[in-house]
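As structure tokens, the structure follows; a few thoughts come after it.
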Amino acid sequence: MLDAFSRAAVAADASGSFIGGDKLSALKAFVADGNKRLDAVKSISTSASCIVTDSVAGMICENTGLTAPGGNCYTNRRMAACLRDGEIVLRYVSYALLAGDASVLQDRCLNGLKETYAALGVPTGSAARAVAIMKACAVAHITGTNKRFGDTANNNLLDQGTSKDPAGCQSLASEASGYFDTVVSAIS
Amino acid sequence: MKSTITTVIAAADNAARFPSASDLESVRGSMERAAARMEAADKLAANYDAVAQEAVDAVYATNPNGNLGRQPRACAVEGKDKCKRDFVHYLRLINYALVTGGTGPLDEMAINGAKEVYGALSIDTATYVYGLNKLRNRGCAPRDMSSQALSEYNAALDYVANSLG
């Protein structure tokens, strides 16, 4: 497993060079925006069950055949398995976001997932759709735009955190989007 | 590779939980120290050649024949070059360790198997320890880097020296 720092070390080691100058400035920026990153991770992990449930429910609403007899979420056992998988994916995305590197997601979650789903007969199209909803949901939480229409109170977690700059979370939101996209392309 | 963040993630993953508040707090603690570590890494990246030369000079001032465990070398220049190469290698890994905030790079790329290699080549590790201690004692807080950066740098040097001892 690598994070942004050890990724830089591995890259520098390949050429036997020291980490300094430009390469170090990128990491300094990572540290400078560290609180934003922690807030983003926090906003996902504290709303995890909400994000997962919404995405699975959304997937089923769009395709109600899933919960009908013969569907892949028919029976509570399979629905529970679906929710569990959604939570696992979101958990590894939160790790990747914390580390600033996708290696933990790739190594521990996505590697072999497509084959596993194929063997178990999980419809990857539906799974990918759930992940896409999860992405939209997580981005809304990270950027603090997850308010009800007309809700003026700043009751989202970001505003309670140390970073007061929702626009500054845009880069983290797009980084998180990238991790969700990685999940989608790995299973479809 | 082991660093503060990956250690925290591995622990969270073992418990199958999302990063908790205390996980985030420990990452934050590490990021607060990161500025000092990076200052040290930056200085080291810019001056490693001179630093390594200093260690080599110190080693050869005490042991004119280089490694104590060897016969006097006919070609002192070659020995010096290899000695410097090794110090540069250690400094480079110390640079990585300062950047990652963990001992992972040192453990994985230098310390694991070091005893066996030096034993097989009959190199006396005390020579390296001597040079590293010289660097350890030479650092001066406001002159070379800030005192916090220096303590991070010294901790890394100590870690290497202890592993060789």
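Each chain gets a letter, A, B and so on, in the order the sequences are listed, and its residues count up from 1.
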Options Ser103(A), Ala4(A), Gly20(A), Ser6(A), ranked by heavy-atom pairs under 4.5 Å with chain B, top entry: Ser6(A)

Where on Ala21(B) is there a heavy atom nearer than 4.5 Å to chain A: the side chain, the backbone, both, or neither? neither

ILVMFWY cluster, Phe180(A) and Ile133(A) together (side-chain gap under 4.5 Å): no

What pair of heavy atoms forms the shortest contact from Ile5(B) to Ala99(A), and how long is it? CG2-CA, 3.7 Å

Using a 4.5 angstrom heavy-atom cutoff, name the option from Ala12(B), Ser30(B), Ala35(B) with the most pairs to chain A. Ala12(B)

Less than 4.5 Å apart, side chain to side chain, heavy atoms only: is that true for Thr6(B) and Phe5(A)? no

Taking all heavy atoms of Leu24(A) and all of Met38(B), pick out the closest pair and write down the distance. CD2-O, 3.5 Å

Work out which heavy atom in Gly16(A) is nearest to a heavy atom in Tyr96(B); give both atom names and the distance. C-OH, 4.4 Å

Closest heavy-atom contact between Phe18(B) and Ser45(A)? CB-CB, 3.5 Å

Atom group of Ala16(B) that falls short of 4.5 Å from chain A, counting heavy atoms: both

Phe30(A) to Met31(B) - nearest heavy-atom pair and separation: CE2-CE, 3.5 Å

Arg92(B) vs Asp13(A), side chain to side chain contact (heavy atoms under 4.5 Å, CB included): CA-CA, chis, key distance, verdict: CA-CA 9 Å; Arg92(B) 183 163 62 83; Asp13(A) 185 54; 2.8 Å; yes

Evaluate Val41(A) against Asp23(B) for side chain to side chain contact (heavy atoms under 4.5 Å, CB included), listing each step before the verdict. CA-CA 11 Å; Val41(A) 173; Asp23(B) 290 338; over 6 Å; no

Is there a side-chain contact between Asp42(B) and Lys28(A) in this structure, where contact means two heavy atoms from C-beta onward sitting under 4.5 Å apart? yes

Option among Val99(B), Leu98(B), Leu44(B) that satisfies the side-chain contact (heavy atoms from CB on, under 4.5 Å) test with Ile19(A): Val99(B)

Any heavy-atom pair between the side chains of Asp13(B) and Val104(A) that's under 4.5 Å? no

